[in-house]
4 protein chains.
Amino acid sequence: MQQSTLVRLKEGFELNKPILVVGLPGVGLVGKLVAEHLVDELEAEKIMEVYSPHFPPQVLVNKDCTVRPVSNIIYYGKANGNDILFLVGDHQSTTSQGHYELCSLYLDIAEEFGVPRIYTLGGYPTGKLTSEETVLGVANNTKLIEEIKEYGIEFRESEPNGGIVGASGLLVAFSGMRGIDAACLMGMTPGYLMDPKSAQFLLKVLCKMLGIEVNTDSLKKKAEEMENILEKLKEKEEQQTLPEIKPTEEDLRYIG
Amino acid sequence: MQQSTLVRLKEGFELNKPILVVGLPGVGLVGKLVAEHLVDELEAEKIMEVYSPHFPPQVLVNKDCTVRPVSNIIYYGKANGNDILFLVGDHQSTTSQGHYELCSLYLDIAEEFGVPRIYTLGGYPTGKLTSEETVLGVANNTKLIEEIKEYGIEFRESEPNGGIVGASGLLVAFSGMRGIDAACLMGMTPGYLMDPKSAQFLLKVLCKMLGIEVNTDSLKKKAEEMENILEKLKEKEEQQTLPEIKPTEEDLRYIG
Amino acid sequence: MQQSTLVRLKEGFELNKPILVVGLPGVGLVGKLVAEHLVDELEAEKIMEVYSPHFPPQVLVNKDCTVRPVSNIIYYGKANGNDILFLVGDHQSTTSQGHYELCSLYLDIAEEFGVPRIYTLGGYPTGKLTSEETVLGVANNTKLIEEIKEYGIEFRESEPNGGIVGASGLLVAFSGMRGIDAACLMGMTPGYLMDPKSAQFLLKVLCKMLGIEVNTDSLKKKAEEMENILEKLKEKEEQQTLPEIKPTEEDLRYIG
Amino acid sequence: MQQSTLVRLKEGFELNKPILVVGLPGVGLVGKLVAEHLVDELEAEKIMEVYSPHFPPQVLVNKDCTVRPVSNIIYYGKANGNDILFLVGDHQSTTSQGHYELCSLYLDIAEEFGVPRIYTLGGYPTGKLTSEETVLGVANNTKLIEEIKEYGIEFRESEPNGGIVGASGLLVAFSGMRGIDAACLMGMTPGYLMDPKSAQFLLKVLCKMLGIEVNTDSLKKKAEEMENILEKLKEKEEQQTLPEIKPTEEDLRYIG
């Protein structure tokens, strides 16, 4: 367990040029919300679990009081006749080296499955108080940028100008060296709290790009719950301490 | 010494499906107190010492002014005709990677000895001022949960909802992948100080589960000493600074 | 990607005893400014890219919205009939071990190319308010010190007396063990901000040493811009917060 | 350079059961002062240099403006007809793992040279204002404790009760597993500043144990200089800020 541990849950199936959609925890949990929503709606199937000493040394407790280690998981789904892989997870690496190591592992997996394109999903912290409909993009080649501009993704010179920290960025940059097209799509979010509203905007664009339609009720419901929570907080003017709904600070450091 | 160093003190003995009881330093030192109490009462024998660069780079001084490195130790005892292994120690790993590495080592050892079941012991921080009789549990499968509920262990949906940090959690989660039943049993404790009272409650339940009875005088004595200390502290209203009896902050971070 | 990754962009060319000039981020970004200026002016050619898990787990966004991983880069240029290699980069290692590992890699490369001499460039923080013309030096042998004193480089007993942190120092010290002459040349800089003025002074001396002349307009322009920024800041007396122009604190820790 | 790097400067000489004296930086720099004093007085010869990525990524500047990497060094000297090895250095490891790794390396070297006994030297922080003549000891076996008590070394039950952090402790504890007698000898020191006075007391005892006599003038001079500095500081009542003479905080964390 010195290095990353990969558990393959299903063997011997063939995928036809699957797109890989990555939604790991990050700013506003936007990417995670979108990817997990698609996993649910497309009834995608868990095919791989990744455990790593670079994740926090921690287990999570399920509803039934069984426990599971922190993991990243790959799901396989089908939409509009196309194969899609989803990479989601509880945490990103807690160490710099781990980020590089895990991204290298994920690109090995992508290559093995013949992935021609990767979309990493994330949130872009605006520091403003409300979510915006805009989806900001970066990519690993200009041809891809031209192509996906058509779906309304905005590309702003040198933005994010602080760069992109974490898996969402590394996967896009390093996949280029392996001949895989990749883009990072970022929902604009205040960035302080889980943001299902920004996730809805991002989901809409992604679905267009994938040529699919999915029910968004559960995301809408989450967004409404969030609104309620925020309203109550405003009433009480206790916005300083939001322990329950706040993703961990660590998670918020990552754009994707 | 790059990796964990294992010193086997005794060779060539056969164990018959020993249960492994784990009591490493954690919240209120509850798990450590219980496991070390059983080691003493059952006159268990030291069979392995583990040294690791993931422990603090520190030695401890014995009464006779000899020194020993920080270690985790495995004892072998017999109770009610059954073999029991105890894993106790001075410290848990100081690094994330070390937690994963050491847990992997301990599960290798457990497999080698044919361990069919692991109980990891810990404290559950309530933040309240007094210890409670309740013992909270999580496990790596629902069948085991049903079985040990009979002994009065409480299972609460998704609790601890912050998960379990450290060896107590990792051992339970990863032992499942090796076909070993495992549960983490947590005494409810204020969590601020060493808590021999909570340890007594946990010991009682564990003894029932193991079908044994042990003298608890020394734990009771420790609990009384602790009461005295606390009373004196209240009198002096100097509860802020308790350097002598306080486990290190690091130790308190772990549930088990 | 566990260790440093080296991408060789150009093969099969012969270099004739190239001098290696190193300008990685450090105090006042002096070394980086000088080396990158020479790369531009000499139209040096990118021949190697180094990626490492010891760099921040981050990607940078280009003007055209494509991304690139954090890297160190080696350029090859020709000046005054001599071959010169330049080592520049976005970041130095974020870990102690990484510094040693990367310097070892760079010296391997230097040996392979038959590099007879290395100049590492850096800034020396004076804590004063204005840049000075002085260039301070240290080297890995006294013969080299005598030689380069001729160019006006100052050598002051035991200075910098806090030593030199980062690649600029390690490369000079360890190249001695490989039989390579090396000196670290430091521009005197206030050390708080990017300092193109100090870079100009250092560039002047270095050009003399290399027997070349280069246009310094772009550095002058940067220096003027910096002056303007500083003047405006003085007017507003807001010198406390300079987020845009300030190199990261991490970068400022390194002398070279 | 991934791991410890060992440079052997002299080959092919035979040592006759040399005692190893270890004086690395620690509390009050007591151990370092004593060991370096003996190296000077006995005109011991440098036989090994150790470089490690676990040392700070830094070089030190010599008087003549040449640089040297941070290192630990082994010297060989002769006193009273006996061979003695000295381990001294600029820094201890900056990482936990490094401490274990380097100590393991030093014990390999000790075994290779047939070292039968190790004395690690350090300071014991009393928190009081004046140095004491007492030398406190711990050892890796009780027979050795009985033997060296004769020289006036004090052994106090379970002290230091916080244990011993760093190489001085680890070397004593782990040398026992290799069949090498070892003791840690600690001069009582206020612990705030370099303490040549405490070093003098420790040196006196050590010389008795080694059966040698050495000139202590230079240590006395250092102690007087220190007294002068302290007196001036008291006069000015500026005892808060002593940047020049203070060892780094890191160094002060180690007992030996």
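Naming convention: chains lettered A, B, ... in sequence-line order (proteins, then strands); numbering from 1 in each chain.
- The minimum heavy-atom distance between A:A173 and C:R68, with the atom names listed, is CB-C, 4.2 Å.
- The two residues C:H54 and A:Q97 have their closest heavy-atom pair at CE1-NE2, 3.4 Å.
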### Query
Could you go step by step and tell me if C:F55 and A:Y100 meet the side-chain contact (heavy atoms from CB on, under 4.5 Å) rule?
CA-CA 9 Å; C:F55 294 143; A:Y100 282 93; 3.8 Å; yes

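- No side-chain heavy atom of C:P57 sits less than 4.5 Å from a side-chain heavy atom of A:Q92.
- Remark: side-chain polar atoms of C:Q58 are not paired, donor with acceptor, to backbone N or O of A:G169 under 3.5 angstrom.
- The shortest distance between side-chain heavy atoms of C:V61 and A:N161 does not fall below 4.5 Å.
- Every residue meeting the side chain to side chain contact (heavy atoms under 4.5 Å, CB included) condition with A:F155, not counting sequence neighbours, appears here in chain and number order: A:I145, A:I148, A:K149, A:I153, C:C65.
- Within a 6.0 Å radius of NZ in A:K32, other residues, nucleotides and ligands contribute more than 12 heavy atoms.
- Heavy atoms of C:N62 lying under 4.5 Å from chain A belong exclusively to its backbone.
- Summarising the local packing, NZ of C:K78 is surrounded by more than 12 heavy atoms from other residues, nucleotides or ligands at distances under 6.0 Å.
- Each of A:T142, A:N141, A:V138 was scored for a side-chain contact (heavy atoms from CB on, under 4.5 Å) with C:D64, with one residue passing: A:T142.
- When each of C:V7, C:V67, C:L60, C:V70 is checked for heavy-atom pairs under 4.5 Å with chain A, C:V67 comes out on top.
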